[in-house]
Each structure stands twice: as structure tokens, then as C-alpha cells.
Amino acid sequence: MDKLILIDGNSVIYRAFFAMPPLTNSSGLHTNAVYGFTNMMLRLIQEQKPTHLLVAFDAGKQTFRHEGYQEYKGGREKTPPELSEQFPLLRELLESFGISWFELAGYEADDIIGTLSRLGEESGLEVLVVTGDKDMLQVVSDKVTVALTRKGISEVEPYGPKEIEEKYGLTPLQIIDLKGLMGDASDNIPGVPGIGEKTALKLLHQFGSVEEVLARTDELKGKMKENLVNHAEDAVMSKRLATIHREVPIDRAWDTMTFNGFKEETAVPMLRKLEFKSLLERLNFSGSEGDGQADGTAAEASQVQVDVTIVESASLKELEAVLPEIAGLHVESRGDNPHQAELLGMVLSTKERHFFLQPEVLKSEEAEAVRAWLADEQAPKRGYDLHRADLTLFWHGIPFAGAEFDIQLAAYLLDPTESDQTLSALSAKYNLAPLPSDDEVLGKGAKFKVPDLEIFSTHLARKSAAAISIVPEQRAALEQNEMHKLFYELEMPLSRILADMEKQGVAVDRESLMQLGQEFEAQIAKLVSQIYEIAGIEFNLNSPKQLGEILFDKLGLPVIKKTKTGYSTDAEVLEKLAPYHEIVQYILEYRQLAKLQSTYVEGLLKEIRSETGKVHTYFRQTIAATGRLSSQFPNLQNIPIRMEEGRKIRKVFVPSEEGWYILGADYSQIELRVLAHISGDKGLQEAFLHDMDIHTKTAMDVFRVSSDQVDANMRRSAKAVNFGIVYGISDYGLSQNLNITRKEAARFIDQYFDAFQGVRKYMDDIVRDAKRDGYVKTLLERRRYLPEINASNFNLRSFAERTAMNTPIQGTAADIIKLAMVLMDTALSSHGLKSRMLLQVHDELVFEVPPEELELMSKLVPETMEKALKLSVPLKAEVSSGWNWYEAK
DNA sequence: CATCTCACG
DNA sequence: ACGTACGTGAGATGT
């Protein structure tokens, strides 16, 4: 049967733009959106083999929808210029390929597609619509399928009537009613306030349509009923706006949309001009041409075929024979916390074959040689998230060593802000055969189920195969970005060090923690009864909503700040309310203690492993956009220290061996020292060369006074300014922090920049460079892309500008402490020390140390930290030790 | 599952 | 005029 594909050009190119990293050809032309679009379109053609193909575009600003509702699509951000310039490029590319496109004044691409899909269906064609817009689901029928782009655009998810029923419990036409009730912020369609997707679906399941809901509001109650009654007209109008017009006067015959391969003679020059080398190669246009296979349908895009052997005692020998040829592996586990994950299986792969091992086989006596290979530091391992693999295997008694290339870690360095780090997403990014996601094969949440061995082993083999294909691509990309040193000499070695620290764990004194909990409990109980008594009513103190009602409605305190759902009751607000009513102080104290109790006492107790009496945090190396680590299960990077009450929590973190010490060392002012170095500001450098109190020095220069004239308040202000500088300063942010007016804050900043002109120049330069390059980098070449740096939307742009100022500072500081960790790890083993590195808290390292090494370590640790990287100003680390983490201050 | 609040650097 | 300080993780509530 003939098949028609209709692509919503605007929707797809828009998504492509935001899904792809910035990309320009050598003449500076932005091409990322066109690349993403083309890539997706080619894949689609290969998979679907359409006989007819058309790309529809929106034309003009005004459409018939604006006639009834002028605000339609109002409040939308302006299209970024980097994208606008790609529209003509895309049209040119389509023409060069011989693919037809269409637009019509007054109509949106939606309506053109709606009409053509109806006409196609009526002419007996099978129709596939491709868009990122869920609204389009309303045109689905037995003959019309809508494929929605997913995370990024390289994957699409097809919807027929069955899928819509399964996902929403609705018919295609009811999608219009759904939008009528929900509205759509991006198109400025109001809908009914307070009704989101969940509520709208409930209503439609009960009543069937917007009209029926509105006619029967008497069957409803509460706020929802009120909203529906008051906004009935909005709902009806929203539904009308969301309805796709399927009677657009289009005068085009089907044969203008036929597709039977590309016009090579024009497509190739176009692809060359855009410098889409990988696409040229993929289409076989680059090498020997004219073999007649270059019609875009030659390659099968179906899932990759893998040769899998499910290893049993007998086939173990076969595997042993090829261990030296293992090119990649994949370890599968269940559970977020790798310290308690269940091991589900492992695949070891050569370039041709995949060997699947079930946990029992891997642990069996016969598999000794395989385990020896896994533990062999000299046998290089390549795969996805080897850090997690290491931990999972460790807790199942299987040592792992020799991680050489982790593709998750490489992907993070290549783009640390990419939210989808899955192997499926990486496969798509590198144009590999589509890899089904874990969610698809294994199910997610409660539906998680390990499938039949056949399916499961094939899935893992495909993952391993994908990893093997991705490695060389990433090696080249790292080289290209000059990040190979960062990767091979810093991040890869660090991942092993982190795993060691995590396995070691930190001992927690369970009894002391429980006793601390009892003390908190007593104080909390007292506070609660005092608060109830003063309020004259019992309520849920943990509910900001109920608390707000008490403070603002019942007691009539002034409203300082609102959240989007009601009154704000955060600490900042409560501080301001304290003078008005004695209850507020009690609430503040309650909040503080409740936090300590739930997060730190109860939360920490739950994480103590009974086998070890320790907590084993999981440091993640691929989360923070700046290059910092993060810590989970439990988070040991946010243990209280600022307030004495909370600081006591640190007393329960103790050495794991009798008589040992906890030793902590932290960098002093590392971020400002980094700033002094990269900005080259003479005054700032001078201050650190003389090891001055930096906030006092800042106060002297900003307020133009001598050191003995700096009072506490001036120093406090200077300190806030220094923080602001590091964060990417704004007068608004500083004014909030210091509780002063924006004007006063602006004056401070001005005076600061007058005093530290090198810093001003750095801030100007870094923002300018970021606008030019689309990214910023740290001293060790760590990158962060800033796609919004040229946005026309003030907020987005300002955010990106501050990020451009902050990331090189925070990121370089992260580079430095990571270097120090690698050096310390080496130093500990080369000195043959028993001391162990336990934790990293951004600018601090924590160790446990036997008494005989205390003196040595107290010198070695700060010295090593200070020499981690040579800057134009000295680095300074301060050390202290004690019986527990509290004492090590 | 989103929102608010709060702990850390 | 615009209206946020940078980077994280976790617990509790309420829809």
C-alpha cells in the first residue's frame, strides 16, 4: 500500500534545535537544527519507506485562530536568531533532496497536515504524521498514525488509536477536549485554572467531553466546580483553538508529493556545503558513488542483530579463549543505589560475539578465569557506567578493575548538561541502530520485570555492542575538544578512587545518633505543644499550606512573599515576621529541628548498613554541570555545620577502627583564588600572595578605607559581594542577599569593579567569548555549553550569562580538588600508608587516619592539595583532626 | 509527581 | 522593563 509521511516542519526543527548541541559549519553558519531534522528524516525514510512525503510549515504571523483570540501564541519567546537562520536552509535542503514542502498563508502546519492526512486517508493511503505536538493526536485513526518526537528528536513514538486509549483512555477526538480543559501555556491557550492533565483526564473519563462537563457541573464540588463554572467560556474557546482545521483549501495533487529516492546530484553538494560528513557517509554518497544504492532506503535501520551465547559450564571454555579479545562489557543491575543493587547479569563482548552470564554462573567455581580477568587491572574494560558496575559486582563478591573507557563519563564530559544520559540516547546521538530503552524491555517502577533469558540476553548484548561502537567516536570527540587529558588522566582514574572510597564507607555511631534523635524529639515535642497553644488550634506544622493559613489568615500577619500556589513561609519570610508575633520564633526553631530529625537522624539511620555499621555514599561524577561531584544514598555533602544544633550530627561520623582519627582538610577561598588567577586581577592576586583576609581586603578597596576602619558590617557586605562575584553577580541578587535596595547593590558592584578592574574585564570577556563560542571552559578544558547565551528572552539570557561567569570558577575549583584526590591516592599507596580517603565535600577532603600516621598526614594532605595545580596565586589548605568529624574542625 | 522547604559548598 | 544570585539531594505534603 502507498504510504504518506507528513512532517510538521516547524515543530520538528524547533525540537531539533534545542535537542542538539550548537553546531556550525566552517563559515559560521548555524546548522544544528537542520542536522537534527535531516538525521531524523533520513532515519524515518529508511525505516518507513514512504511513497509520498511532504514537510509542512507555518506561514506568517496571523492565522485564522487570531481572529477570535488575538492573544493566541502570545507571550512566546522570540525564536532565537540561530534558529531563524536555519529555516531557509532547511527549505533549501529539502529542495535539493527533491522532497516537497508546503505552506499556506493564514494556516499553521497543523492544519495543513490535518487536511492532507484526511485527504490521504480518503484516497486509501496509509498516513504517518511526525510532530512534537501532542495536539496532533486528534487526527489519529485506523489509517493515520501520529509519531511524536521524544527526548530529543532521534526517537519517535508512534500512536494509533490503541496507544491513545492505553495512555490516556481517550479517543483521538477527545484529545481536543483534553486541551480545552488543560489549556496550553506554550500557545497561550488558557484552559481552566487548576486543571492539569490528571484532573482533565478524570473529568473526561467521567463525562466524555468539555460540553458535557460544563453541563453537569452540579455533579462536582469544591474549587474545581467553581473554576469550571467561572471559566466555562475559556474552556469552550480553548477547545476551539485546539481543534485542527481539516478543510484547508489545498490545491495539490498527490503526485507532487511522491518520493522515490533522493536527487543525488543536488543533495550531495548541499550536504557538503553544510559539512554533514557523517550523513554523507551514512548515505554512501562520500565514497564510490553510482552503485544505485544511494536512494536512502538501502540500509536497514532495524535493531542490530547480535550473536549471543548464553554461557553455561560447557561454553565457559569458549569464553575463556576469547577473553583477550573482549572489546566491551555491560553489567545490568536493578535498583538506584549501586551499593544494594541486585545483579541481574553481565555480557562480555568481542567485536563479533556476545557472552551472557547469569549471576549464578558468574559466581560459580568454574568461572574463576572470567573473574580473574574482571579483577585484572591490566585487562582494559570498556562500557557504560563502569563505576556502577564496579560497585554492584563488589557487593556480590566479584572484584572489578581496569576500567579504561567509560562511555557515560565520556558523554558527560562532551556535554555535561545533557539530561538524557542513557545508552539509548547515546546510540541515537551517534546514529547507531535504535537501541530499545530499558524501560521498554524491562518495564519501569512497579512493572519492572526481567524478561525471558533470550530477550534479556539479547538486550544486554545490544547494549554492549552499542557501547563498543560508541567508544571510538567518543575518543575522537574528546581529542577534538582537547579533553583527552581530562578524561584519561583525571576523570577515569578518579572514578576508581571514588569507588574505593564508597566501598570503604564511613562508620556511624548508631547509638549516639539515636540518642541525639531523642534529644531532638524532646525539644520538638515541647515546641509543638507551645505552638499549638499559642495558635489555639492543632494543625500540621509540616504543611506550608496549613501554616500559611494560621499565620496570615488567622493571625493576620503581613504577607511578605507569595509562591505560585499560596503564601510563602520559608525561613527568610519567617525571619521578617518574627518581630510581629512570638509564635514565629518557635516555628523557626521547630523547622530547624524537624529538618535535623527527619533528614539527618532518621534518614541517616536508614542508610547504615548492618553488615558494616557504615554508610556508603555514592559519589556521582556525571551529574553537576560544573564538574563537581554529587553524593547520594545518603548525601554526605550536606551534613549540617553552620548551626551548632545541626553541627552535632557530625559527632556520629567516627573512624572505623579503634583509636584512629578523622582528619579533614579544606581549601581556603579556592574559588576566589581561582578567580584571581584566571582574571589576572593584580589587586586580587596581591591579596592572596600576602595571604590577607580577603573579605576585609575587599571591604578596604570597595569602601576606600584602611584595614582598621573596616567594621563588621562592611566586612559582611564585602563578603556578600565576593559571593556574588563568584556566582555571576546581579544587583538584584545582591540586594536580596544583603536586604538592601537594588540601587545600593548596583553601587556596591560598581565600586567593586572599579577596585578590581581585572575582574570586570574577565566578566566582560567570558560573556563575550561564550556568546561567540556557545560554551565556556575551565582551566582543564572542561566544557559547558550555554545554548541560551544569545536568547532574546531576558531571563534566559541573563541566566546563561551568570552561568558563563560562574562555571569556569566553580568548575576549575572542581578540577583542582579532583587533581588533589588523584595525587592523594597515589601518595597513600606510594608511602604505604594505612590512612584512607573517605569523603570529598567540594573544597574539603576527609580521611580516617591511624595514630602513628597522624603527624605525617597532617602535613601530607594539605601539601598535596596545595600543589595540585600551579596558579599565579598560592593555593591554601587548612587541616584539622579529632575523634570524629565534629572535632575535625 | 510537582511543589515547597532546607541542608551543604 | 525584564526579575535570579551558582551548584547539588532529600523529606514532607497534597493533588
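Naming convention: chains lettered A, B, ... in sequence-line order (proteins, then strands); numbering from 1 in each chain.
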Peer 1: Between C/dG3, B/dT5, B/dG9, spot the one nearest the side chain of A/Arg742, thanks.
Peer 2: C/dG3

Peer 1: Pick base, sugar-phosphate or nothing for A/Ile809, based on heavy-atom distances below 4.0 Å to the nucleic acid.
Peer 2: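 If one applies the 4.0 Å heavy-atom cut-off, A/Ile809 turns out to touch nothing in the nucleic acid.
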
Peer 1: Which part of the nucleic acid, if any, lies within contact of A/Thr565, taking any heavy atom under 4.0 Å across all strands shown: a base, the sugar-phosphate backbone alone, or nothing?
Peer 2: sugar-phosphate

Peer 1: Using a 4.0 Å heavy-atom cut-off across all strands, classify A/Ala814 as base, sugar-phosphate, or nothing.
Peer 2: nothing

Peer 1: Between C/dT4 and B/dC4, how many Å separate the two P atoms, rounded to a whole number?
Peer 2: 13 Å

Peer 1: Quick one: which of B/dC6, C/dC2, C/dG7 gets closest to the side chain of A/Phe794?
Peer 2: C/dC2

Peer 1: A/Tyr732 side chain: which of C/dT4, B/dC6, B/dA7 is closest?
Peer 2: C/dT4

Peer 1: Classify A/Ser798 by what it touches in the nucleic acid, base, sugar-phosphate, or nothing, heavy-atom distance under 4.0 Å.
Peer 2: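 Counting heavy atoms under 4.0 Å across all strands, no contact is made by A/Ser798.
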
Peer 1: In plain terms, say whether A/Arg715 and A/Asp693 are close enough for a salt bridge, that is, a side-chain N and a carboxylate O under 4.0 Å apart.
Peer 2: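 So A/Arg715 pairs with A/Asp693 through a salt bridge.
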
Peer 1: Under 30°, 30 to 60°, or over 60°: which ring-plane class applies to A/His616 and A/His339, parallel, tilted or perpendicular?
Peer 2: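 Answer is tilted, since the angle falls between 30° and 60°.
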
Peer 1: For A/Arg642, answer base if it contacts any base atom (sugar-phosphate contacts may also be present), sugar-phosphate if it contacts only those atoms, and nothing otherwise; contact means non-hydrogen atoms under 4.0 Å.
Peer 2: base

Peer 1: Checking all strands, does A/Leu734 fall into the base, sugar-phosphate, or nothing category for heavy-atom contacts under 4.0 angstrom?
Peer 2: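 Here A/Leu734 touches the bases of the nucleic acid.
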
Peer 1: So, A/Phe688 versus A/His677, ring centres under 6.0 angstrom or not?
Peer 2: no

Peer 1: Which parts of nucleotides 10-15 of chain C does protein reach within less than 4.0 Å, heavy atoms only, written one letter per nucleotide 5' to 3' as B for base, S for sugar-phosphate only and - for none?
Peer 2: SSSSSS

Peer 1: Base, sugar-phosphate, or nothing for A/Ala625, non-hydrogen atoms under 4.0 angstrom?
Peer 2: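 A/Ala625: backbone/sugar contact only, no base atoms under 4.0 Å.
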
Peer 1: Rounding to an integer number of angstrom, what distance separates C/dG3 and B/dA7 when you compare their C1' atoms?
Peer 2: 26 Å

Peer 1: On DNA chain C, nearest-nucleotide positions of A/Asn806 versus A/Arg797: which is more 5'?
Peer 2: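 Residue closer to the 5' terminus by nearest nucleotide: A/Arg797.
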
